[in-house]
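Scroll down for the structure; my scribbles are underneath it.
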Amino acid sequence: MSAKAADEIMRVVAPLKNPVLCPATGDSPKGLYKEMINRIRQNKTDVSNWCFVGLDEWLGINGEDEGSCRFHLNNDLLEPLCIDEKNVSFFDGKAKEIQDEIRKTGNFLQEHGGIDIAIVGLGMNVHVGMNEPGTDPSLHAHVSDIDVITQQVGQKYFKKSRQISRGITLGIADIMEARDVILLVSGNKKAAIVQQVLEGEISEEFPASLLRRHKSFSVYLDEEAASGLSKSFVQSL
C-alpha cells in the first residue's frame, strides 16, 4: 500500500516545478512517508522547492508539544527531508489570533498556486482532517469542534491525557480544490468504515465519502482495510 502510493506521488510531482503537498498525520500515512523518503534519497531527488501545508492541528497545541500533528509530521517527513521552514505553512494551535492562522494558510496556498496533492487518512467516525460528521462541506479552513470519538482516539498520540476538544483544519472545500487527493487506510478496525466511504451514501454525515466527487481521487488500502468491500465493488475496479 505505502510503496504503491509513494510511486504515484513521486510520478505526479516529478514534472512540477514547485509542488505543494498537504500531508496528514496518523498511523496510515507513516509507511508512505518512509517509502517517499527512501525514494527521494535513492534517486537524489531535489526537494528544496517542495512546499508543504498542514492539514490540521489541535487547538491549544503546536509543534513544540510532543504528540501534536506538527510534531509527528516533523519526525515522519519534514525533518528527514530537511525541508526549509519557509516552505512550510502549518497551523499554530497556540496562536493568540487563530483567524490569523487561517488567513496565513489561505495566503500561502494562493501564493503557491494551491495544493497539488492532498494526502489524507480516515478517522474512526469517517472524518477527514478535523472535518467531523455534519461539517459544512463548503467550508475552507476553520475551527472545528472535535467529536467525542476523535477525542478518545486522539489520546493515543500523547503520553499524558490532553484536552483536545477543538481543532483548526483545512475544510473539505480546500481538499476538494487539490489537484489530486490520495486516501490511505490500513487495519481491520477500519474495514467497515472504508466500506461506508466507498460504497455507501455520499453525505456530509460521512465526510470522507464526499471525496468520491473529486475528479482525481485515489484510494490505497491494505488487505485488512479492504476486507469489508463487496465482491461486486472489488470486481468493478
Side-chain angles (χ1 to χ4, degrees), residues 1-9 21-39 55-56 58 66-69 71-73 75-77 117-135 144 146-162 164 167 169 172 175 180-214 216-237:
M1 177 191 75
S2 297
K4 288 183 178 181
D7 287 340
E8 175 64 10
I9 289 171
L21 286 75
C22 176
T25 53
D27 295 333
S28 294
K30 279 182 178 290
L32 165 62
Y33 301 148
K34 185 176 180 180
E35 293 287 341
M36 287 176 60
I37 292 165
N38 288 341
R39 283 158 177 71
L55 178 62
D56 51 17
W58 310 106
E66 185 172 355
S68 67
C69 297
F71 175 86
H72 285 289
L73 194 62
N75 288 343
D76 296 340
L77 186 63
I117 303 178
I119 304 164
V120 299
L122 179 62
M124 290 300 296
N125 63 350
V126 205
H127 74 234
V128 174
M130 292 182 182
N131 295 282
E132 302 288 3
T135 300
S144 171
I146 305 301
D147 185 84
V148 173
I149 293 175
T150 305
Q151 292 184 48
Q152 293 171 346
V153 174
Q155 296 299 330
K156 68 182 179 181
Y157 298 115
F158 303 96
K159 292 183 178 179
K160 296 181 179 179
S161 178
R162 297 291 299 256
I164 47 175
T169 183
I172 294 293
I175 299 170
D180 289 272
V181 177
I182 291 178
L183 172 67
L184 288 98
V185 192
S186 60
N188 185 65
K189 65 183 180 181
K190 291 188 177 178
I193 308 170
V194 167
Q195 192 277 333
Q196 172 64 56
V197 167
L198 298 183
E199 297 188 77
E201 176 188 2
I202 296 178
S203 166
E204 62 188 54
E205 292 303 319
F206 310 108
S209 70
L210 298 168
L211 302 180
R212 285 159 52 191
R213 293 174 173 164
H214 194 279
S216 182
F217 176 46
S218 302
V219 182
Y220 291 84
L221 311 171
D222 67 5
E223 188 172 357
E224 289 186 347
S227 63
L229 295 172
S230 67
K231 290 184 179 180
S232 60
F233 180 84
V234 174
Q235 289 170 352
S236 70
L237 298 178

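Because only heavy atoms are used, hydrogens play no part in the values below, and waters and symmetry mates are left out as well, while side chains stay in.
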_Does anything in residues 122-135 form a salt bridge (Lys or Arg N to Asp or Glu O under 4.0 Å)? List the pairs, not counting sequence neighbours._
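Those involving residues 122-135 do not exist here.
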
Q: Using the test side chain to side chain contact (heavy atoms under 4.5 Å, CB included), find all partners of Tyr220 that sit at least two apart in sequence or belong to another chain.
A: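 Counting only residues at least two positions away or on another chain, Tyr220 forms a side chain to side chain contact (heavy atoms under 4.5 Å, CB included) with Met1, Lys4, Ala5, Glu8, Ile182, Leu184, Ser218.
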
Listed partners of Glu224 passing side chain to side chain contact (heavy atoms under 4.5 Å, CB included), at least two apart: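 Per chain and number, Glu224 pairs via side chain to side chain contact (heavy atoms under 4.5 Å, CB included) with Asn188, Asp222.
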
Are Leu229 and Leu221 side-chain neighbours, meaning at least one heavy-atom pair lies under 4.5 Å?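 Yes. Closest side-chain heavy atoms under 4.5 Å.
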
Minimum side-chain heavy-atom gap Ile146-Ile164 below 4.5 Å
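Side-chain contact under 4.5 Å: no.
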
Could you tell me which residues satisfy ring pair (Phe, Tyr, Trp, His ring centres under 6.0 Å) with His214, sequence neighbours excluded, listed by chain and number?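 In terms of ring pair (Phe, Tyr, Trp, His ring centres under 6.0 Å), with neighbours along the sequence ignored, His214 is linked to no residue.
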
**Request:** Tell me, please, which residues at least two apart from Tyr157 pass ring pair (Phe, Tyr, Trp, His ring centres under 6.0 Å).
**Result:**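 Ring pair (Phe, Tyr, Trp, His ring centres under 6.0 Å) check on Tyr157 returns His72.
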
Test of understanding: with side-chain hydrogen bond (donor to acceptor under 3.5 Å, both in side chains), list the residues that count as partners of Ser203, not counting sequence neighbours.
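Residues passing side-chain hydrogen bond (donor to acceptor under 3.5 Å, both in side chains) with Ser203: none at all.
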
With sequence neighbours excluded, what pairs up with Glu199 under the side-chain hydrogen bond (donor to acceptor under 3.5 Å, both in side chains) test?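 side-chain hydrogen bond (donor to acceptor under 3.5 Å, both in side chains) list for Glu199, sorted by chain: Ser230.
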
**Request:** Compare every heavy atom of Val181 with every heavy atom of Ile175, then report the nearest pair and how far apart it is.
**Result:**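 What the structure gives for the nearest pair is O-CG2, 3.5 Å.
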
Which donor-acceptor pairs under 3.5 Å do side chains of residues 24-37 form with protein atoms, sequence neighbours excluded?
{"unit_1": "Asp27", "atom_1": "OD2", "unit_2": "Lys156", "atom_2": "NZ", "d": "2.7"}
{"unit_1": "Ser28", "atom_1": "OG", "unit_2": "Ser186", "atom_2": "N", "d": "3.2"}
{"unit_1": "Ser28", "atom_1": "OG", "unit_2": "Ser186", "atom_2": "OG", "d": "3.1"}
{"unit_1": "Lys30", "atom_1": "NZ", "unit_2": "Asp76", "atom_2": "OD1", "d": "3.3"}
{"unit_1": "Lys30", "atom_1": "NZ", "unit_2": "Asp76", "atom_2": "OD2", "d": "2.9"}
{"unit_1": "Tyr33", "atom_1": "OH", "unit_2": "Ala24", "atom_2": "N", "d": "3.2"}
{"unit_1": "Tyr33", "atom_1": "OH", "unit_2": "Ala24", "atom_2": "O", "d": "2.5"}
{"unit_1": "Glu35", "atom_1": "OE1", "unit_2": "Arg39", "atom_2": "NH1", "d": "2.6"}

Contacts of Lys160 that satisfy salt bridge (Lys or Arg N to Asp or Glu O under 4.0 Å) - sequence neighbours left out: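 Listed in chain order: nothing, the list is empty.
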
- Task: Identify the residue among Thr135, Thr150, Asp56 that makes a side-chain hydrogen bond (donor to acceptor under 3.5 Å, both in side chains) with His127.
- Result: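 The residue from Thr135, Thr150, Asp56 that satisfies side-chain hydrogen bond (donor to acceptor under 3.5 Å, both in side chains) with His127 turns out to be Thr150.
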
